[in-house]
Amino acid sequence: MDSHASKSEILIVEDRADIRLSLRFLLCNHGYDVFEAENPIAASSLLETKDIDLILLDMNFEFDTTSGEEGLAFLRAQQKKSFPPILAMTAWSSVSLAVEAMQLGAKDFFAKPWDNHAVVMMVKKHLALAQIDRQETITQNESLVQRSKRDSSSDKNTKSILWHSPQMQKLKAQLERVAKTDATIFLRGENGTGKSCIAEYVHNYSERNGEFVSVNMGAIPESLFESELFGHKKGAFTDAKQDRAGRFELANNGTLFLDEVATMGPNQQAKLLRVLESKQFERVGGTHTQQASCRIITASNADLEAMLESGDFRADLYFRLNTIELTIPPLSARTEDIIVLAEHFIELHAKQYQVNPLPLSKLAENALLDYSWPGNVRELSHMMARAVLMAEGDCIGEQDLEFKVLNNSPKNVSSEDDITLMTLEDAEKKLLKMALAQTQNNVEQAGELLGISKSAIYRRLEKFGMSTK
């Protein structure tokens, strides 16, 4: 039984009790918690009280058994909310209904009667994809503070850094030289290059036996700045219900990693500078002075020189923070690492989602090497996680990769269908339109022309907001 599955809650929206029962048995046998609703109204009511992870939605109910309008109305209503993934199901395998359902937000569909194994795999895949989406949201909108202890999982995290290219080998040598010292380190690098992993690597190779504490400075409201960094005493302000240690205190004899330091305002900069200069702080509402005995590592992707010139960042604080300055190269500048990292992430995510790792096709490798990687290593990890779950053949092909931008375009394409200097997404859309036009909107035949499955065609129709009508 999948240990993750036991934590997932699935809602079946279906008016026939026998079908609900069959699906309940199937999903419960695979460790899922299952809830039932006999119509969209009951489902909407249940969603207000339950934290549902996935919905199986029948498209046809007793009042209208063929058009799917009740199911479509439910999908339209859910579009206005933060709804869980929805898989549509219908006994009427109409192309137009399936496409319309997916255009309104359904992630996939299956026809009744269904294949048990296929349904379970579909459920597992979309629960995993939803988990990736949640992780991306957490990464982009990190809530205040993430704290990491130097335990086995932390050690595994830093050991997973791959020092393959000459640039990373040079960086590794620099890090190992400075790790044993107490020098303050400033890390420069684009978003997604792995600055927090590098900071933790330094901590793990240092002589410090305290904790590694990570703070996203950009996520701390100015009103909570002192409380988050220095802690507070009970009753110090309205919401101070109990004493609380700040990040400097938690990082005692350890390392305090301050990410996105360039986002601090003038008042925050002044308060941080005071502590760095005096090596002392007090909890908000407290009188006891404590020693700041942690190593400081900071990071930013901002143009701090321009901020110094404009006065947006204090020069005295800047010089306190960058005793040693190291730059993490972007992924686009170390192409030797791209395929190595991609294969590493395929193994990692395949193990996480309990599927067989697939090799990359040569076309997929070329596409990865041609891409500009604006999101760097983080984007590559997320892309490989999706590819591991979405690939339907015996390898991960170019069609299984979702790119934001493509720098280089296919060559030797001419005439009115020329896609030179076109992004991969636009090229994919054009090829999809051509395949559907050539097959008179026959989705199965279009899939055969493009070498992908019928459900893959539906996913792309949804992605591009296209219809076969």
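Source: prediction; values computed, not measured.
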Between Lys271 and Glu228, does any NZ, NE, NH1 or NH2 come within less than 4.0 Å of an OD or OE carboxylate oxygen?
no
Please confirm whether the backbone N or O of [Y] pairs with a side-chain atom of [X], one donor and one acceptor, at under 3.5 Å?
X      : Y      : answer
Glu190 : Pro330 : no
Lys180 : Tyr205 : yes
Ser44  : Pro40  : yes
Arg334 : Gln167 : no
Arg20  : Glu14  : yes
Arg295 : His203 : no
His232 : Gln242 : yes
Glu9   : Lys50  : no
Asn376 : Arg378 : no
Asp337 : Ser165 : yes

In Å, rounded to the nearest 0.5 Å, how long is the span from [atom1] of [X] to [atom2] of [Y]?
X      : Y      : atom1 : atom2 : value
Thr263 : Leu258 : OG1   : CG    : 10.0 Å
Ile10  : Ile12  : CD1   : CD1   : 7.5 Å
Leu360 : Ile338 : CG    : CD1   : 12.0 Å
Ser223 : Phe237 : OG    : CZ    : 8.5 Å
Glu305 : Leu308 : CD    : CG    : 6.5 Å
Lys125 : Met121 : NZ    : CE    : 10.5 Å

Identify the heavy atoms of [X] and [Y] that sit nearest to each other, and give their distance.
X      : Y      : answer
Met102 : Asp108 : CE-CA, 4.0 Å
Asp316 : Arg314 : OD2-NH2, 2.9 Å
Phe345 : Val377 : CZ-CG1, 3.7 Å
Asn356 : Ala350 : C-CB, 4.2 Å
Ala299 : Lys195 : CB-CD, 3.7 Å
Gly189 : Asn301 : O-CB, 3.0 Å

So [Y] and [X], do their side chains get closer than 4.5 Å, heavy atoms only?
X      : Y      : answer
Asn252 : Glu211 : no
Tyr32  : Leu26  : no
Leu229 : Val275 : no
Met168 : Glu336 : no
Thr287 : Glu282 : no
Leu358 : Asp400 : no
Arg320 : Thr298 : no
Cys395 : Pro359 : yes

Take a 6.0 Å sphere around CD of Glu309 and say whether it holds more than 12 heavy atoms from other residues, nucleotides or ligands.
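Not more than 12 within 6.0 Å, no.
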Kindly assign one of parallel, tilted or perpendicular to the pair Phe230 and Phe225, based on the angle between their ring planes and the thresholds 30° and 60°.
perpendicular
Once the angle between the rings of Tyr353 and His349 is folded into 0 to 90°, is it parallel (under 30°), tilted (30 to 60°) or perpendicular (over 60°)?
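Parallel.
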Test applied, side chain to side chain contact (heavy atoms under 4.5 Å, CB included); reference residue, [X]; option that passes from [options]:
X      : options                        : value
Pro357 : Met384, Lys351, Glu347         : Glu347
Leu56  : Ile86, Leu27, Val13            : Leu27
Leu187 : Ile324, Ile297, Thr193, Asp259 : Ile297

